[in-house]
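A quick write-up on the structure given underneath.
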Amino acid sequence: MTKDVYEYAVIRVIPKVERGEQINAGVLLYCQPRGYLCARVELDPARLRALDPGADVDAVRRALSAYELACGDAPGPLGAEPLGGRFRWLTAPRSTIVQTGPVHAGLTADPGTELARLFDKLVRL
C-alpha cells in the first residue's frame, strides 16, 4: 500500500489571547497527492467556559465551522482556490480566538482515517 505525504494543523480556540490558554477543537488535514483537504471540529462548551465564563459559544462554533466549509465545495471566496492554497490560507498565522497551530507532516495511505486518528488523539479527551 502506497503512503503519501500529508500535512495537518490543530485548530485551537484561545478565548483570551493575552492569557495564551487554549483548547484543541479540531484538525485540518491536507494530502496533495490524493487531492484531499478536510477539517473536523468539535467544541466542548464546558472547557471553553472554564477558560472564559463569558465566551460566546455560538460565535466560536460558527468560526470553527468556517474551517469545514472552506474545505468543501460550497461557493465562496475560497471555493475557486486550489486545495493547497486553501490549506495555506487556513493555516496562516492569526491573532484571533480561533486559529491553527503549527503545520506538521506525516505519511498515510488513507487521509480520512488519519484525520480521524489525529482528531481522536489531539482533540477528544
Side-chain angles (χ1 to χ4, degrees):
M1 189 175 288
T2 304
K3 291 189 175 187
D4 292 306
V5 173
Y6 70 90
E7 299 172 84
Y8 77 94
V10 174
I11 303 167
R12 28 189 214 189
V13 177
I14 306 172
K16 293 189 178 270
V17 176
E18 64 276 10
R19 291 182 56 98
E21 298 167 329
Q22 66 186 26
I23 301 165
N24 291 350
V27 177
L28 176 66
L29 190 139
Y30 170 57
C31 183
Q32 187 271 329
R34 301 207 181 213
Y36 184 90
L37 176 65
C38 191
R40 187 165 174 194
V41 299
E42 183 177 283
L43 180 63
D44 182 337
R47 290 179 69 203
L48 177 58
R49 287 192 181 106
L51 295 181
D52 182 3
D56 185 340
V57 174
D58 291 332
V60 171
R61 277 196 177 116
R62 283 191 302 275
L64 287 168
S65 71
Y67 282 85
E68 293 175 314
L69 292 170
C71 294
D73 295 330
L78 286 179
E81 290 293 317
L83 296 181
R86 289 189 223 179
F87 180 77
R88 300 289 170 242
W89 186 85
L90 291 167
T91 56
R94 291 175 174 75
S95 295
T96 60
I97 291 173
V98 176
Q99 56 185 261
T100 58
V103 174
H104 304 282
L107 292 171
T108 188
D110 183 347
T113 299
E114 188 63 20
L115 177 61
R117 185 189 74 77
L118 289 168
F119 185 82
D120 286 343
K121 179 180 178 181
L122 301 172
V123 177
R124 291 218 165 119
L125 296 177

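Both backbone and side-chain heavy atoms feed into the values below; hydrogens, waters and symmetry mates do not. Fair warning: this is a prediction, and the values are worked out from it, not measured in the lab.
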Residues Arg40 and Glu68: closest non-hydrogen pair is CA-OE2, 4.0 Å
hydrophobic_cluster_shared for Val103 and Val27, side chain cutoff 4.5 Å: no
Can you give me the closest heavy-atom contact between Arg47 and Leu125, atom names plus distance? CD-CD1, 3.7 Å
Using the rule that two of Ile, Leu, Val, Met, Phe, Trp, Tyr join whenever any of their side-chain heavy atoms come within less than 4.5 Å, decide whether Leu29 and Phe119 are in one cluster. yes
Minimum heavy-atom distance Glu21-Ile14, with the two atoms named: O-CG2, 3.3 Å
Say whether Leu122 and Ile23 are linked into one hydrophobic cluster, either directly or through other cluster members, by side-chain heavy-atom distances under 4.5 angstrom. no
Which heavy atom in Gly101 sits nearest to a heavy atom in Ala9, and how many Å separate them? O-CB, 3.8 Å
Any idea how Tyr8 and His104 line up, ring-wise: parallel (<30°), tilted (30 to 60°), or perpendicular (>60°)? tilted
Do Val13 and Ile11 sit in one hydrophobic cluster, given that two such residues count as connected whenever their side-chain heavy atoms are within less than 4.5 Å of each other, even indirectly? yes
What's the shortest heavy-atom distance between Ala39 and Cys71, and which atoms? N-SG, 3.7 Å
Do Leu64 and Leu48 sit in one hydrophobic cluster, given that two such residues count as connected whenever their side-chain heavy atoms are within less than 4.5 Å of each other, even indirectly? yes
Minimal heavy-atom distance between Ile97 and Val60, with the atoms involved, is CG2-CG2, 4.3 Å
Distance check, rounded to the nearest 0.5 Å: Leu118 atom CG versus Leu28 atom CG? 11.0 Å
Residues Glu114 and Lys3 bridged, charged N to O under 4.0 Å: no
Check: Arg34 side chain, Ala109 main-chain N or O, donor-acceptor pair, under 3.5 Å: yes
Please check: side-chain N/O of Arg94 versus main-chain N/O of Leu90, any donor-acceptor pairing under 3.5 Å? yes
